[in-house]
Each structure stands twice: as C-alpha cells, then as structure tokens.
Chemist: 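For reference, the structure I am asking about is given below.
Owing to the predicted nature of the structure, the values given are computational and were not obtained by experimental measurement. Proteins get letters first, then strands, A, B, ... in listed order; numbering begins at 1 in each.
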Amino acid sequence: EAQVTQNPRYLITVTGKKLTVTCSQNMNHEYMSWYRQDPGLGLRQIYYSMNVEVTDKGDVPEGYKVSRKEKRNFPLILESPSPNQTSLYFCASRTGSNTEAFFGQGTRLTVV
Amino acid sequence: GEDVEQSLFLSVREGDSSVINCTYTDSSSTYLYWYKQEPGAGLQLLTYIFSNMDMKQDQRLTVLLNKKDKHLSLRIADTQTGDSAIYFCAESIRSSNTGKLIFGQGTTLQVKP
C-alpha cells in the first residue's frame, strides 16, 4: 500500500530536549516536505527536499533541521524545542513539483 | 504573492448542499486541490482540478474554477454527518520547484442532523 508514515503520532516533550520526528514513504517519490498546521493558519511549509542530499528552507524553517540521506526517509529535527513549536506536523511526498501530494497521519507535538 | 483564503466555518443541515469557497492570488497555479481532514486524522485528497478546466464532478463533489476571479469552490451534494471535517483548498504553483502546496486556513464544515 502506498503510504507516508510518520512517527511518533503524539509527543510531549520539555523545552530544550532534542527530538526527531521520522517520515518514510514507499512510493519512490523525489519531493518530500514538512508542514506545520496551526489553527487559523492552515499548513505552512517548513522544509522541503527535491531529492537525496538536496534540501532547502520553506516558509517557516527557524528552529528546525532536516536531512535526506535516503530517498525514502526525511526526518525533521528539533535541536532545542520551544513552546512555540507546539503544533501538528505533517510530512508529504510527491513525484514532481506539480502532482498529488500524499500526506502522513500527522504528529501532534507539545513542548512544555 | 502566494495567498489562499477561505472562510473559517460553515454549518449546514443534513441532506442540504454545502458550498465551500476559496480564493487565491497566484495566476500561475497549475493544480488546485481540495483536502479533507477529519478529527485526529491526516489529510485526505478529495479531488483536484487542472487550471485549464472550469468544472470537475466526482459523485457528490463538484469543483468549480473561475480563473478570471481566481475563485475555487467545492460543492458537496446531499451533505451527510460523515462529511463534518475541515476542508482545505491548496494550490500548486507552476513557477515553484519546491514541491510546496499553498494552503488556505481551512473551512470547518459542521453538519447538523
């Protein structure tokens, strides 16, 4: 089954404690992105990757890092989480820049 | 600039039609999408329309695109309580190689029995 898998689904952490949210897709897609969803703001792109070892900042990259060592995986790293990073995070993948985007189930992160 | 706007809330009675509206600013959009998000769930692609189309129908769903006014709508016929969710419109920009979708704020559809 074609899918994008994120882990964990829910995470509560403390300010400053490094964390990683994993994302994996099994569709051999080139493009992968991370979004955060906040009430009244819709989804905003954090980082994206066009292929292995090619990543770049989206609209709200501050406080986040990503890596793309393999085509299928695109982890989101928060080196020093802060409460303003409390949000719902989605990973997405696409075959190209103008095709359907497949989304993971989301990771609800709370930073206290 | 890139901007997509939606009204935040719509309430309808079961069996009525729902119309969710969306406006966008970038005229180089290639695809426009409607996603559905149920409580606690991810984003499910409902339908999409190419920018050179005016209308697309898929069972109870009708998408209308007015390129001149940069207006997109989603009509749900015979709305059911299971249609209660947040609906996002999103556009894909021709000039962008980021793979980014520009999302609206989402419209919460409440269906009353």
Chemist: Please look at B/F88 and chain A and tell me whether the side chain, the backbone, both or neither of the residue comes under 4.5 angstrom of a heavy atom of that chain.
Modeler: side chain
Chemist: Taking 4.5 Å as the heavy-atom cut-off, does anything in residues 103-113 of chain B contact chain A, and if so which residues?
Modeler: B/F103, B/G104, B/Q105
Chemist: When the aromatic ring centroids of B/Y35 and A/F103 are compared, is their separation below 6.0 Å?
Modeler: yes
Chemist: Charged N to carboxylate O under 4.0 angstrom, B/E38 versus B/K36?
Modeler: yes
Chemist: Given a strict heavy-atom distance threshold of 4.5 Å, which part of A/L41 is in contact with chain B: side chain, backbone, both, or neither?
Modeler: backbone
Chemist: Quiz question: by atom type and distance under 3.5 Å, do the side chains of A/T5 and A/S24 form a donor-acceptor pair?
Modeler: no
Chemist: Which region of B/L43, side chain (C-beta onward) or backbone (N, CA, C, O), has a non-hydrogen atom less than 4.5 Å from a non-hydrogen atom of chain A, or is it both or neither?
Modeler: both
Chemist: We want to know whether A/E70 and A/N73 form a side-chain donor-acceptor pair, criterion being a heavy-atom distance below 3.5 angstrom.
Modeler: yes
Chemist: Heavy-atom distances under 4.5 Å only: say whether A/Q37 touches chain B with side chain, backbone, both or neither.
Modeler: side chain
Chemist: So, the side chain of B/R60 versus the backbone of B/A77: is there a donor-acceptor pair under 3.5 Å, distance only?
Modeler: yes
Chemist: Are the side chains of B/Q37 and A/F90 in touch, meaning some heavy atoms are under 4.5 Å apart?
Modeler: yes
Chemist: For A/Y47, does the six-membered ring have the charged nitrogen or CZ of A/K65 within the cation-pi criterion, i.e. under 6.0 angstrom from the centroid and within 45° of the normal?
Modeler: no
Chemist: Could you look at A/R9 and say if it's the side chain, the backbone, both or neither that has a heavy atom under 4.5 Å from chain B?
Modeler: side chain
Chemist: Would A/Y48 and A/Y31 count as a ring pair (Phe, Tyr, Trp, His ring centres under 6.0 Å) here? Give the steps.
Modeler: CA-CA 7 Å; A/Y48 66 94; A/Y31 284 80; 7.7 Å; no
